[in-house]
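One structure is given below, encoded as structure tokens.
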Amino acid sequence: METEFTEAYQRTSAEGRETECEKVANILDLVIDGEASTDEQHFFNSHIEECVSCFESHQKQKLLKSIISGHLKRVIVPDRLATSIKARIQETV
Amino acid sequence: MSEQTGKQLSKEEKDARFEAELLPVLAPLYNFAYRLTLDEDDANDLVQETYLKAYRFFDYFEQGTNAKAWLFRILKNSFINEFRKKSKQPAKVDYSEVEGYYNTDDVEGEGGVATTTDMRTESVQDLIGDEVASALNALPVDFRTVIILCDLEGFTYEEMAKILDIPIGTVRSRLHRARNSLKEKLEEYAKSMGYNS
Ligand SMILES: [Zn+2]
């Protein structure tokens, strides 16, 4: 299924290719964060199937996000915090 | 005559609702406070202050709406308005000045995303939590904030825009810059640990 969006970025020349990669770089964060539109996602997927450098950029950016979500330690909440919040609220009229 | 005066809650009801709806956010909220202040006592104070404010304005909080985003917004405002003032640290750089350039010169082809140095997949994966935390903590607070909100807490761009009081375009550009900085820091750590072969 070809959308208008992908047609606009058809690779026709060396210059056209540059534009595609630029566009991919611009929406990379959107794709990683699940914020891309269906058209953007479709365009992105078909581009990285053929472009090694954008494919690699995508892998790296995904890795970076997963490092934060998977490896960053959450600090432990002090035991007394919840109790002291409740106590202060009780005092509040 | 308003609806709200009609269904005024008793203190017991209000306290019960407050605890049931807002206290479950305590852990992520404390975590966020700690990542902003980088100090356990300060994080503790900031979280308490946030909950007291939330309690005072609880009548304005609509049941079933996003309690987490609401609390994060209050905390972030407290941090900026009161906390930053108290800790007489000068603001390093105003990133709003530079982030407007995002669409013009920052993203140039794939080079805009992949930094010049190579982030070796295997080596960075070997980094453990402490190094990731150090790299994150070394970033300016505005950058740290967007990374925590997006990658750790999973807020959408729209929610982040509301929490931070900035347009979605600014969320995007700040996040982009923050990730580039973080990538550089992680690469530095990877190199210093001898992964640079
Ligand atoms: Zn490409």
Side-chain angles (χ1 to χ4, degrees), chain A residues 14-37 44 47-48 51-93, chain B residues 11 14-15 18-19 22-23 26-31 33-35 40 43-44 47-48 50-52 55-56 102-103 107-115 118-119 121 124-125 127-133 135-136 147-148 150-154 156-158 168 172-173 175-176 179 182-183 186:
Chain A
E15 217 171 278
R17 175 127 202 147
E18 227 172 57
T19 313
E20 266 206 359
C21 294
E22 232 171 73
K23 180 70 194 165
V24 162
N26 268 314
I27 62 172
L28 180 57
D29 285 309
L30 294 178
V31 170
I32 298 290
D33 297 326
E35 300 263 352
S37 69
F44 187 91
H47 181 82
I48 61 165
C51 179
V52 176
S53 109
C54 287
F55 175 79
E56 281 175 356
S57 297
H58 182 227
Q59 293 301 108
K60 284 178 188 171
Q61 204 77 345
K62 264 204 301 201
L63 172 66
L64 186 71
K65 190 176 171 106
S66 71
I67 285 172
I68 294 297
S69 56
H71 293 267
L72 184 68
K73 286 179 193 160
R74 282 186 180 269
V75 280
I76 310 290
V77 183
D79 289 336
R80 287 172 310 174
L81 185 52
T83 323
S84 92
I85 289 167
K86 282 183 201 166
R88 288 183 70 178
I89 274 144
Q90 297 268 302
E91 292 161 15
T92 312
V93 183
Chain B
K11 174 146 173 75
K14 186 181 170 183
D15 289 3
F18 183 86
E19 285 185 19
L22 302 189
L23 274 187
L26 181 61
L29 201 62
Y30 179 77
N31 203 72
Y34 180 76
R35 293 289 166 211
E40 286 177 16
N44 208 79
V47 168
Q48 294 213 27
T50 301
Y51 272 107
L52 287 179
Y55 187 78
R56 229 177 295 144
Y102 168 66
N103 286 318
V107 181
E108 285 178 356
E110 65 268 42
V113 182
T115 47
D118 182 33
M119 185 163 91
T121 305
V124 178
Q125 252 164 354
L127 288 173
I128 49 166
D130 287 346
E131 277 71 25
V132 178
L136 187 72
I147 289 188
I148 295 290
C150 185
D151 296 341
L152 195 66
E153 300 301 341
T156 64
Y157 290 0
E158 204 185 333
I168 287 185
R172 280 188 66 186
S173 57
L175 189 58
H176 183 78
R179 283 176 172 160
L182 182 64
K183 224 182 285 180
L186 287 172

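So that the names make sense, note that chain A is the first sequence line, chain B the second, and so on, each numbered from 1. From a predicted model like this one, the values you see are computed outputs, not experimental measurements.
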| Do B/Leu182 and A/Ile67 have side-chain heavy atoms sitting under 4.5 Å apart? | no

| message | Does A/Phe55 have more than 12 heavy atoms from other residues, nucleotides or ligands lying within 6.0 Å of its CZ? | response | no

| task | Let me know if B/Leu52 has heavy atoms under 4.5 Å from chain A in its side chain, its backbone, both or neither. | result | side chain

| Validation row: B/Gln48, A/Ser84 side chains within 4.5 angstrom (heavy atoms) | yes

| query | Considering only heavy atoms from C-beta outward, does the side chain of A/Val77 approach that of B/Leu29 to under 4.5 Å? | reply | no

| query | Taking B/Asn31 for the side chain and A/Val75 for the main chain, is one N or O donor matched with an acceptor at less than 3.5 Å? | reply | yes

| field | Contact check, side chains of A/Leu64 and B/Leu186, non-hydrogen atoms, under 4.5 Å | value | yes

| Between A/Leu72 and B/Ile148, is any pair of side-chain heavy atoms under 4.5 Å apart? | yes

| B/Arg179 and A/Asp29 ion-paired at < 4.0 Å | yes

| note | Of all heavy-atom pairs linking B/Cys150 and A/Lys65, the shortest is SG-NZ, 3.7 Å

| message | Quick one, B/His176 with A/Leu28, criterion side-chain contact (heavy atoms from CB on, under 4.5 Å). Give me CA distance, side-chain angles, the key distance, then yes/no. | response | CA-CA 9 Å; B/His176 183 78; A/Leu28 180 57; over 6 Å; no

| Residues which pass side-chain contact (heavy atoms from CB on, under 4.5 Å) with A/Glu35, listed by chain and number, not counting sequence neighbours | A/Leu30, A/Asp33, B/Thr156, B/Tyr157

| message | As an exercise: rank A/His58, A/Arg80, A/Lys86 by heavy-atom pairs under 4.5 Å with chain B and give me the winner. | response | A/Lys86

| Contacting region of A/Gln90 [heavy-atom separation from chain B under 4.5 Å] | both

| remark: All heavy atoms of B/Asp151 vs all of A/Ser69, minimum pair found to be O-CB, 3.3 Å

| By salt bridge (Lys or Arg N to Asp or Glu O under 4.0 Å) - contacts of B/Asp15 (at least two apart) | B/Lys11

| said: Measuring from atom CD1 of A/Ile89 to atom CG of B/Leu22, what distance do you get when rounded to the nearest 0.5 angstrom? | reply: 8.5 Å

| message | Could you measure the distance from the CD1 atom of A/Ile85 to the CG atom of B/Leu23? Nearest 0.5 Å is fine. | response | 6.0 Å

| Heavy-atom contact with chain A under 4.5 Å, split by part of B/Arg56 | neither

| Pick from B/Phe18, B/Tyr34, B/Tyr55: which one has the most heavy-atom pairs with chain A under 4.5 Å? | B/Tyr55

| query | Do other residues, nucleotides or ligands put more than 12 heavy atoms under 6.0 Å from the CD atom of B/Glu158? | reply | no

